[in-house]
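Only one structure is covered here, and it is reproduced in the block below.
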Amino acid sequence: MVINMSKKQRRKSLKQPKGIIIKGHFNMESAKMYLVTAILMFHIVPLFFVFMGENGRIILAQLFMYTFNPIFLFAVGFFYAIRNGFDGKFPLLLTIISTISIVMYYDFETVYNVVLGFSVSLCVYAVFAYLSSLLGGFAKRFLL
């Protein structure tokens, strides 16, 4: 079936307004590499520090939880969005993967500290994941 459009209509259809942030569609094939690296960073690397004993757990809690993990979240979200555009599902998956590791590998003395650490980390990691994806989608606009 052939649709007859005038030249003016074709030009208008080609000039669809794009937003400030380039949006993409989430595809597990394109996200697989980034999710595997996130799983390695949040679930495999902490195991090495847990096996080191008390000193390893101190290093893990001080360096990883509040320094390396947010930086890594920012980098992964940014590079994914530069390559594929912004989509809300990928930062959500990153946030879930990262906050599950808080309960699994980080020691807290009381249940109150576990809940507090989990909720604060959930908020911080979600902000970093979404912000980096938004900035990556914004940067993709200039790289096209």
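For the single chain, residues carry numbers from 1 onward in sequence order.
- Judged purely by atom type and a 3.5 angstrom limit, Ser133 has no side-chain atom pairing as donor or acceptor with the backbone of Tyr130.
- Using a distance-only test at 3.5 Å, with no hydrogens or angles considered, no donor-acceptor pair links the side chain of His43 to the main chain of Tyr105.
- Looking at heavy atoms from C-beta onward, Met41 lies out of side-chain contact with Ile97 at the 4.5 angstrom threshold.
- Centroid-to-centroid, the aromatic rings of Phe86 and Phe90 stay 6.0 Å apart or farther.
- Side-chain atoms of Asp87 do not come within 3.5 Å of backbone N or O of His25 as any donor-acceptor pair.
- Relative ring orientation between Phe138 and Phe142 is described as perpendicular, the plane-to-plane angle rising above 60° on a 0-90° scale split at 30° and 60°.
- The environment of CZ in Phe26 is crowded: more than 12 heavy-atom neighbours from other residues, nucleotides or ligands sit within 6.0 Å.
- Looking at residues two or more places apart in sequence or on another chain, you find no side chain to side chain donor-acceptor pair (under 3.5 Å) involving Glu54.
- A side-chain donor-acceptor contact under 3.5 Å links Lys140 to the backbone of Arg83.
- Here the side chain of Ser98 pairs a donor or acceptor atom with the backbone of Thr95 at under 3.5 angstrom.
- Take Tyr80 and apply the side chain to side chain donor-acceptor pair (under 3.5 Å) test, not counting sequence neighbours, and it matches no residue.
- Proximity of a side-chain donor or acceptor of Ser119 to a complementary backbone N or O of Leu116 within less than 3.5 Å is detected.
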